[in-house]
Amino acid sequence: MPELPEVETVRIGLASLLEGGTFRRVTTRRADLRFPFPERFAERLAGARVLRLERRAKYLIAHLSTDEALVMHLGMTGRFHIQAPGEAKPHLIGDYEYSTGAAPKHEHAVFEMQGGGRITYADPRRFGYMLLVPEAELAAHAMMRALGVEPLSAELTPAYLASRAAGRRSDLKAFLMDQRIVAGLGNIYVCEALFRAGLKPGRPASVLATPTGKPTAHATRLVAAIKAVLEAAIAAGGSTLRDYRQADGQAGAFQETFCVYGREGEPCVRPGCRGIVRRNTQAGRSSFFCPVCQR
DNA sequence: AAAAGCCCCTGGACGC
DNA sequence: TGCGTCCAGGGGCTTT
């Protein structure tokens, strides 16, 4: 699922149950996801109250009354189902409805809240993970400290992008995928932002800066494109893709407005453009772009 | 320090 | 229906 807009959608959905709530009982159904669950995970959470649920990049961070933070990453396929106290059955956050009948596969952790709420975490590929980090160590934690700016914050400016891109050898695709530069973009939104900015993914990142390190017009357009595409995606409730879609789901809607992602061979959406969307592989991942609009 | 591979894991789509 | 192959919103880790 999860790039920044999807994680933000999940955060909003989880916050209603988590914020102000207290863990009554936590159960893990296996020892590890990508990494082992933290030592004494269930005991450390039981009785803890969630003060605030934050998103940073693609991480969810639950700040706890115990002076620890529960840090969660969804990997590629992590999903939460929530069941509020009055609800008859669980429903998925930000993706699709709870599957019918059969026990949910790959459900690895269950969080039962005081008052009857229930949250489950499922993750078929298990690229996600959960950490418990003392609040005092959070900012310096290996997973957090190198993260770049939040793209929707005032910190993402043309000048910032130019300063990080100057002298770089990598192409724009790899530059934007790098969480140390801009934190929270992934394959979809990098492709979509580059389309909106009219920039080909294979262009060198250094086109964002002049020889003296000042932002170019490309940098200005790219910043605007990143912010616009993320805001639109969040407003639409994120994106839902092929294999995680269910027939009767309340899926995110943003995938219906992709301009290039997943549209190889289809005509460019820009009115009057005769381009056909192409796909190539960069750093082991697919890039989609219009060879006419994007230069 | 930056860049490029490899790897983790499961499941769906597609071709034969 | 049953293989085998390729591909997938992630990023950490190791090597160059």
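What's counted below: heavy atoms across the whole structure, side chains too, no hydrogens, waters or symmetry copies. All chains are named by letter (A, B, ...) in the order of the sequence lines, taking the proteins before the strands, and each is independently numbered beginning at 1.
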Undergrad: Can you list the residues that meet the salt bridge (Lys or Arg N to Asp or Glu O under 4.0 Å) rule with A:Arg278, with sequence neighbours excluded?
TA: none
Undergrad: Mind checking what makes salt bridge (Lys or Arg N to Asp or Glu O under 4.0 Å) contact with A:Arg49, not counting sequence neighbours?
TA: none
Undergrad: Quick one: which residue pairs count as a side chain to side chain donor-acceptor pair (under 3.5 Å) with a foot in residues 135-151 of chain A, not counting sequence neighbours?
TA: A:Arg55-A:Glu150, A:Arg56-A:Glu150, A:His63-A:Glu135
Undergrad: How does DNA chain C look in dot-bracket form if you count Watson-Crick and G-U pairs under 3.5 Å, write [ ] for pairs that cross, and put | where a base pairs with another strand?
TA: .|||||||.|||||||
Undergrad: Report the glycosidic orientation of B:dG5: syn if within 90° of 0, anti in every other case.
TA: anti
Undergrad: Please go through A:Ile276's hydrophobic cluster and name the other residues, only I, L, V, M, F, W, Y counting, with side-chain heavy atoms under 4.5 Å joining them.
TA: none
Undergrad: Output all residues satisfying salt bridge (Lys or Arg N to Asp or Glu O under 4.0 Å) with A:Arg270, sequence neighbours left out; order by chain, then residue number.
TA: none
Undergrad: Under the ring-ring contact (aromatic ring centres under 6.0 Å, His included) rule, collect the residues that match up with A:Phe23, sequence neighbours excluded.
TA: A:Phe111
Undergrad: I'd like a list of close polar pairs between nucleotides 1-5 of chain B and the protein, N/O only, cut-off under 3.5 Å.
TA:
unit_1, atom_1, unit_2, atom_2, d
B:dA3, OP1, A:Arg169, N, 2.9
B:dA3, OP1, A:Ser170, N, 3.1
B:dA3, OP2, A:Arg168, NH1, 3.0

Undergrad: Going by the salt bridge (Lys or Arg N to Asp or Glu O under 4.0 Å) test, which pairs reach into residues 164-178 of chain A, not counting sequence neighbours?
TA: A:Asp178-A:Arg180
Undergrad: Throw together a table of side-chain donor-acceptor distances under 3.5 angstrom for residues 31-41 of chain A, partners on residues two or more places apart or in other chains.
TA:
unit_1, atom_1, unit_2, atom_2, d
A:Asp32, OD1, A:Arg30, NE, 3.3
A:Asp32, OD1, A:Arg30, NH2, 2.9

Undergrad: Mind checking what makes side-chain hydrogen bond (donor to acceptor under 3.5 Å, both in side chains) contact with A:Arg285, not counting sequence neighbours?
TA: none
Undergrad: Along nucleotides 10-16 of chain C, 5' to 3', which nucleotides get a B, which get an S, and which get a -, given that the test is a protein heavy-atom distance under 4.0 Å?
TA: BBB----
